[in-house]
Structures are given as C-alpha cells and as structure tokens.
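What follows is a set of notes on a single structure, which appears directly below.
Atom set for the values below is all heavy atoms of this structure, side chains included, hydrogens, waters and symmetry mates excluded.
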Amino acid sequence: MAKTLITCDCAGSQRIDSDALAERSGSAVAPPCSALCTTQIDRAAKALTAGDAILCCTQEERVFTELAEELGLPPAPLLDLRDRAGWSDDPRDKLPKMSALAAEALLDAPAEKTIDVGSEGLCLIVGRGPAALEAAAQLKDHLSVTLLMDDAVTKAEDNLPEVRDFDLISGKLRRAKGALGQFEVVIDALRQVDPRGRGPLNWTAPRDGARSQCDIIIDLRGETPLFPAHEKREGYLRADPGHPPAVAAAVLAASHLTGTFEQPLYVRTEPLLCAHSRAAQTGCTNCLDLCPTGAITPDGDHVAIDPMICAGCGACSSACPSGAISYDAPPVDFTMRRVQTLARAYLEAGGEAPRLMVHDAHGAEMIRLAARHGRGLPADVVPMELDALAAFGHAEALAALAAGFAHVSLLLGPKADRDAIETQTALVRAIAGDARMSLIDTPDPEALTDILYDGEAPAPVAQPVRPMGSRRQIARQAARALNPEAEVLDLPEGAPYGAVLVDKDACTLCLSCVSLCPSGALGDNPDLPQLRFQEDACLQCGLCANVCPEDAITLAPRLDLTEAALSQRVLNEEEPFACVECGSLFGVKSTVEKITDKLRSHSMFADEAKLRMIQMCDDCRINAQYHSTNNPMTGNERPRPRTTDDYLSKRRDH
C-alpha cells in the first residue's frame with residue numbers, strides 16, 4: 001500500500017515544500033500543518049484511520065501512540081524531517097535530504113526475529129553487609145530471593161537476620177554463566193542456615209562445588225564483575241554497595257525482571273562457511289577476538305554463538321571474512337538497501353556530493369540537541385541510525401561511497417565497540433582513501449556541528465553503482481568503482497582479502513593446504529601436480545600457512561581489482577612421475593626421486609625390487625607386492641578342501 005507523508009512545519013520553524021517533496025520523492029505528501037500534535041491532531045487521527053500514512057514527527061511519539069490506542073488502531077510509522085533536515089542554519093536547499101529520508105522511510109523493514117525467555121523471579125544477591133541485607137529485604141515480596149554472603153560468616157553472627165523471608169547462605173561464588181532466565185552458578189564452601197533449635201541460627205557443614213540455577217543475579221560485592229562487558233549481560237545487575245542510589249536502581253530493575261521476555265536473535269550463522277579451524281589447526285579468530293560478552297566459543301571446525309549472551313553489537317558480522325556470521329537485526333542486505341536508497345534519492349532530487357553520517361541512539365539524541373539549540377546538521381549530511389554501530393563495517397561503507405556518497409562518518413557513542421570500528425575504518429581508508437572515511441568522537445552536540453560544517457569531502461564517484469550479492473562481492477564491486485585506474489590495493493594486516501604466496505623451493509605439492517582450505521581458494525589439478533589459487537575467494541584465514549609442513553606459505557593482504565583475481569592461476573607445479581611398470585603418470589617427480597634417494601640406504605629397501613615399488617603407481621605396486629616372494633601379507637597355504645572320498649575313506653564299513 002502506498003504511503004502518504006503527513007508533514008508539519010512545527011509552528012513555522014521549518015520550511016516544507018510539499019509539492020516539490022512529492023515530485024522529487026514520488027510519494028504523496030500532504031500540505032504541511034503547523035500543530036499536528038496539538039490543535040491539528042485531527043489530521044493525525046484521519047491519517048491513522050486511513051492506515052496508509054507516515055507521520056513526520058518523532059518528538060511526540062507518545063501522543064500519536066496514545067491516539068492510536070484510543071482509536072483501536074496500530075500506531076503509524078514516524079519520520080523525523082525536522083531535527084535531521086528542517087532545523088538547520090545551512091542556507092542550502094534541504095529538499096534533497098528530505099527526499100532521501102522519505103525514500104528510506106518507505107522501505108519495508110523485515111520483521112525482527114526473537115525467542116522467548118522466561119524468568120520466574122529466582123534472584124541471587126551476592127554481597128555483604130547492610131546493603132545486601134537491605135536489598136534482599138526490599139525484594140523479598142517481589143522475587144524469590146537468596147542472599148549469598150560471600151565473606152566468611154561465623155556460626156553466631158550477631159547481625160544476621162533471624163527472619164525466614166528469604167534464604168541466606170554463605171560461601172564463595174566460584175563461577176557463573178548464562179543470562180536472564182538461565183544463570184548457572186557454582187559455589188564453594190557453601191553453608192546453609194540450619195533453622196532448628198533455640199538461640200542464634202546455625203550453619204550446615206560447608207561443601208564445595210554446589211551448583212544451582214537462578215534467573216537474576218544482583219552483584220553487590222564491589223569487586224571485579226562476574227562477566228565480561230557485564231553491562232550488556234541481561235539479568236546481571238551490578239552496583240557499588242557504597243552508593244545507595246545505584247543499589248536502589250539495581251533493586252528496582254530486578255523487581256521488573258519476571259515473566260516472559262523477547263530476546264532478539266541478532267546474528268545469523270552459516271557454520272559450513274566458517275574458517276575457524278580444520279583438522280585441529282586454528283585459522284580465523286576474528287569474531288572470537290572481538291566479542292565483548294564471550295557469546296562466541298569454538299565448536300570444532302566452526303564457532304558457536306549463544307543467542308542468550310549475544311548483545312547484538314554487530315562486530316562479528318563486520319569482521320567475518322566468509323559471511324559465516326552476518327547481522328540479522330536487521331539483515332545486512334536491508335542495511336545495504338537503506339544506504340543505496342538514501343544516496344539514490346538524494347542525487348535524483350538534485351543534490352550533489354552528499355555525506356553519510358551513521359549513528360546510534362546516543363547520536364540521535366545529539367542530533368536532536370544540535371537541531372534545537374545549535375546550528376543543526378548541514379544540508380548535505382544525511383544521518384542514518386543503526387542499533388549496532390559496529391555492524392556497519394567496511395562493506396557497508398564502501399557500498400555507500402560507491403552509491404554516490406562523497407564521505408562516510410561514524411558518530412561514536414559511549415557504547416560503541418571502538419576497536420572493531422577502528423579496524424573496519426582502517427580497511428575502508430586503505431581501499432577508498434583516507435579522505436572518504438572518518439570517525440567522530442565527541443559527546444558535545446555543538447562540537448559535532450562544528451566538525452560537520454568545517455569538514456570537506458572529496459568529489460563523489462563519477463558513476464554511482466549499487467552492487468548486489470554478499471558483503472565480499474559488494475565490497476569488491478564497490479572498490480572497483482572507487483578505483484577505476486588501480487589494479488592492486490595494499491591492505492592492512494589482518495584484512496580479509498589477499499593472496500597466498502608459495503615458496504616453490506620448499507613446497508613439495510603435498511596439497512595439505514588444498515584439503516583444508518575452507519573457501520576453495522586453493523585447489524589442485526587432478527591430471528597434473530599443480531597447486532592452483534583463486535584470489536577473490538581467499539579469506540586470509542591462515543589455515544594453509546598453519547598446516548603447511550614445509551612452512552612454504554605466507555599471506556599477502558591486498559585487493560586485486562583485475563579480472564585475474566576471479567580465475568585460478570598456478571602457484572606451483574612440477575613434472576609428474578611416470579610409473580616404471582605401466583608408464584602412467586602419478587605423483588611428483590622430484591618427490592618420488594627424493595624419497596627413493598632417502599630410502600636407498602635403509603635396510604628394508606636394500607633389495608632393488610622393493611625400491612622399485614616406490615616408483616610404481618598404486619595398481620602396479622599392489623600387483624608387484626602380491627606376486628613378490630616375500631610378501632608380508634602372504635599367509636600359510638590354505639588347506640585342501642575335504643571331499644566325499646575323504647569322509648568315506650575313514651568309514652570302517654566302507
């Protein structure tokens with residue numbers, strides 16, 4: 001169904017040419033009102049009833065959502081034209097940017113994939129002292145609470161509560177794993193309260209290795225967190241016991257963690273494409289090195305991802321050289337379509353040399369503040385918001401530049417995975433040039449606008465292209481568009497593109513590398529002793545170099561933009577050896593001769609006939625071995641079959 005944009009000039013604070021916007025964007029655009037969220041809210045109600053509208057205001061999302069609930073209708077999608085385009089001190093025309101933002105809003109976003117997570121409210125509080133006791137007392141009416149006093153508690157502790165509203169245990173938390181609804185803990189020196197008898201409560205005898213499960217963990221120890229990137233671990237709440245507001249916030253958050261929750265499935269995996277390991281040899285570890293939460297673990301030849309621990313940062317998708325891991329919230333291809341749609345719509349609306357600024361929710365707030373209290377964004381800066389900034393890798397940036405953007409910048413927020421982003425940025429700069437990619441690292445909206453207004457971008461690509469395919473295919477096609485005269489680009493160490501270099505003097509053509517190459521970049525020739533290589537398929541995972549028994553292989557990170565990278569070429573070849581019996585070709589001549597020379601002095605090969613077997617093909621060798629006089633596989637002579645005459649000869653009556 002076609003959508004209609006319901007625009008608002010927000011009390012005349014921005015200019016919206018609805019006719020021109022409709023012509024440039026190809027969408028129906030209603031004449032702008034001035035108070036869509038207040039006195040003219042009837043227009044919003046009419047648009048909701050029609051069911052084909054996009055309300056061009058995000059500031060009053062709550063108002064429009066409540067209106068939809070009153071009407072018994074689903075809420076309409078919202079589009080921010082004001083903060084991102086209309087409110088700007090830049091005198092240049094804002095129509096190209098508005099057209100681009102409108103075209104992006106018309107894309108059908110895929111539905112989010114989720115799994116259900118249940119929490120019954122089993123809460124483990126780890127800590128000591130009054131803060132932990134008070135937290136347990138506050139939560140006892142809302143959750144099933146167990147307080148683990150992680151220090152040594154005596155049998156007659158005067159300040160221990162004698163109420164039984166929550167469970168009290170003593171011990172040392174050895175290990176914890178899992179996430180909301182499925183935590184597993186191991187406790188050493190565990191002692192439980194013995195409620196029997198008169199007088200102070202007693203403890204049971206300590207025992208090590210006690211295991212238990214819980215749904216929520218509140219960590220009030222004030223020590224090292226139990227998990228890496230603990231702020232991204234759902235169900236794990238950590239607070240400084242000496243800071244009452246932080247403890248109160250953790251208690252409040254825990255009280256709401258009961259029921260069934262939807263956990264997004266952030267990534268999609270293709271284990272067969274994974275280049276992590278082969279034959280117990282480790283190759284690519286990009287995702288393992290980057291994952292901040294530890295959600296990715298080795299699992300044989302590939303890696304496994306725990307969806308309950310994954311926080312959706314997207315770094316693994318950007319760094320995966322083969323596509324075995326790809327971001328799925330939203331999918332990579334939808335992000336590519338957003339980028340290309342923004343560039344196409346901007347250029348078709350008459351704009352020139354747009355700049356793309358990718359940001360997260362923190363960046364969106366900075367844009368709103370800059371628009372309301374500062375100069376706003378320049379007219380040529382097109383913002384695009386992503387939930388996971390690190391998911392915007394080199395392939396996405398190259399696709400944006402090839403589609404017509406003159407420059408791409410990433411606005412870093414406090415939760416950005418900087419190491420992963422910087423690695424991808426270095427790769428983009430190596431392929432597209434230093435001037436086409438930058439990182440903006442400031443929490444100040446005014447400083448942000450200063451950087452954008454003072455920034456200068458190079459000329460965009462002369463002939464924009466919008467490639468399709470996998471991330472590798474898109475990156476390669478985009479690189480060719482951005483470097484029409486170049487043939488080979490040098491890339492930084494660890495890049496997912498490159499060549500395999502072979503020392504021909506050391507290589508024996510054993511082809512171990514061929515059998516373990518996960519992408520098929522290395523191959524053989526069934527008719528001749530050859531090692532063949534197709535560069536565009538090489539992942540630079542390093543498995544071939546790790547498995548080579550002669551250490552004859554090294555990697556050369558680079559991007560070959562010529563057609564030669566798309567076809568196989570011979571890295572090493574030798575003359576085949578002819579069987580001394582039948583003349584058929586087999587093996588490598590130099591290898592057979594080398595083995596023959598080495599075994600000539602061995603006692604087991606003193607006989608020339610045995611040495612000659614090494615120079616035979618498989619069929620001839622088996623035949624010669626079978627007919628040899630000292631065949632080690634020869635058994636005793638088989639007994640003669642018994643006949644009727646044999647039986648009759650032994651009968652006494654015969």
Side-chain angles (χ1 to χ4, degrees), residues 272 275 277-281 283 301 499-539 541-555 564 566-639:
L272 293 178
S277 174
R278 295 292 187 278
Q281 295 291 326
D301 287 346
V500 168
L501 306 180
V502 175
D503 182 353
K504 295 183 178 180
D505 294 333
C507 177
T508 61
L509 288 174
C510 68
L511 302 182
S512 298
C513 53
V514 173
S515 62
L516 296 186
C517 181
S519 65
L522 290 170
D524 63 350
N525 187 335
D527 300 321
L528 293 172
Q530 288 182 341
L531 175 61
R532 306 177 69 86
F533 176 66
Q534 184 171 329
E535 186 160 332
D536 79 311
C538 181
L539 308 176
C541 64
L543 275 169
C544 55
N546 294 342
V547 77
C548 180
E550 288 84 21
D551 294 328
I553 295 179
T554 55
L555 304 179
L566 306 178
S567 58
Q568 287 191 340
R569 57 187 174 90
V570 177
L571 293 182
N572 191 19
E573 63 179 337
E574 289 194 33
E575 181 182 351
F577 188 84
C579 175
V580 294
E581 285 290 329
C582 66
S584 61
L585 301 178
F586 78 99
V588 182
K589 183 177 181 180
S590 63
T591 301
V592 174
E593 291 177 348
K594 185 182 298 184
I595 294 175
T596 302
D597 291 339
K598 286 187 175 182
L599 295 179
R600 191 178 300 276
S601 59
H602 196 280
S603 59
M604 292 185 62
F605 292 89
D607 186 356
E608 191 66 26
K610 290 185 177 180
L611 202 60
R612 181 180 172 82
M613 288 186 185
I614 299 175
Q615 302 172 340
M616 297 180 186
C617 65
D618 292 343
D619 294 338
C620 295
R621 187 181 304 114
I622 292 173
N623 185 58
Q625 184 71 51
Y626 180 78
H627 291 94
S628 63
T629 56
N630 56 350
N631 184 1
M633 294 178 290
T634 302
N636 296 328
E637 184 178 353
R638 297 184 62 183

Problem - ring-ring contact (aromatic ring centres under 6.0 Å, His included) pairs, two or more places apart, involving residues 499-527 - result: none

Practice task
Could you check if a side-chain atom of Pro529 sits within less than 4.5 angstrom of a side-chain atom of Pro576, using non-hydrogen atoms only?
Solution key: yes

Problem - Note, Cys538 side chain near Ser519 side chain (heavy atom, < 4.5 Å) - result: no

Fill in the blank from the handout: Note: Asn546 and Gln281 closest approach over all heavy atoms is O-OE1, 3.6 Å

Completion exercise
Taken to the nearest 0.5 Å, the spacing of Cys541 SG from Leu555 CG works out to 8.0 Å

Handout entry: Side-chain donor/acceptor of Asn623 to backbone N/O of Asp619, under 3.5 Å
Key = no

Handout entry: Sidechain N-carboxylate O distance under 4.0 Å for Lys594, Asp597
Key = no

Exercise for the section: With rounding to the nearest 0.5 Å, note down the distance linking CZ in Arg612 to SG in Cys620. Expected result: 9.5 Å

Problem - Minimum-distance pair of heavy atoms, taken over all atoms of Ala279 and Asp301 - result: N-OD1, 3.9 Å

Practice task
Could you check if a side-chain atom of Glu573 sits within less than 4.5 angstrom of a side-chain atom of Leu531, using non-hydrogen atoms only?
Solution key: no

Practice task
Identify the two heavy atoms, one from Ile553 and one from Cys513, that lie closest to each other, and give their separation to 0.1 Å.
Solution key: CD1-CB, 3.9 Å

Problem - Ser512 side-chain N/O to Cys548 backbone N/O, donor-acceptor pair under 3.5 Å - result: no

Fill in the blank from the handout: Residue set satisfying ring-ring contact (aromatic ring centres under 6.0 Å, His included) with Phe586, at least two apart, ordered chain then number -> Phe577

Handout entry: Between Gln534 and Ser567, a side-chain donor and acceptor under 3.5 Å
Key = no

Problem - For Asp503, side chain to side chain donor-acceptor pair (under 3.5 Å) partners two or more places apart - result: none

Practice task
Answer whether the closest heavy-atom distance between the side chains of Gln615 and Cys579 falls below 4.5 Å.
Solution key: no

Exercise for the section: State whether the side chain of Arg532 and the backbone N or O of Asp524 hold a donor-acceptor pair below 3.5 Å, judged by distance alone. Expected result: no

Exercise for the section: Measure the CG-CZ distance between Leu599 and Phe605 for me, rounded to the nearest 0.5 Å. Expected result: 5.0 Å

Handout entry: 4.5 Å side-chain heavy-atom contact, Ile614 and Ile595
Key = yes

Fill in the blank from the handout: Distance col, row Gln625:CD vs Lys610:NZ, nearest 0.5 angstrom, shows 8.0 Å

Problem - Leu611 side chain reached by Arg600 side chain, heavy atoms, under 4.5 Å - result: yes

Handout entry: Val500 and Leu571, any side-chain heavy atoms less than 4.5 Å apart
Key = yes

Exercise for the section: For residues Cys507 and Leu509, determine if any side-chain heavy atom of one lies less than 4.5 Å from a side-chain heavy atom of the other. Expected result: yes

Exercise for the section: Identify whether the distance between the nearest side-chain nitrogen and carboxylate oxygen of Arg569 and Glu535 falls below 4.0 Å. Expected result: yes

Fill in the blank from the handout: CG of Leu501 to OG1 of Thr554, rounded to nearest 0.5 Å, is 4.0 Å

Problem - Lys/Arg-Asp/Glu bridge criterion (N-O < 4.0 Å) met for Lys504, Glu574 - result: no

Exercise for the section: Measure the CG-OG1 distance between Leu511 and Thr508 for me, rounded to the nearest 0.5 Å. Expected result: 8.5 Å

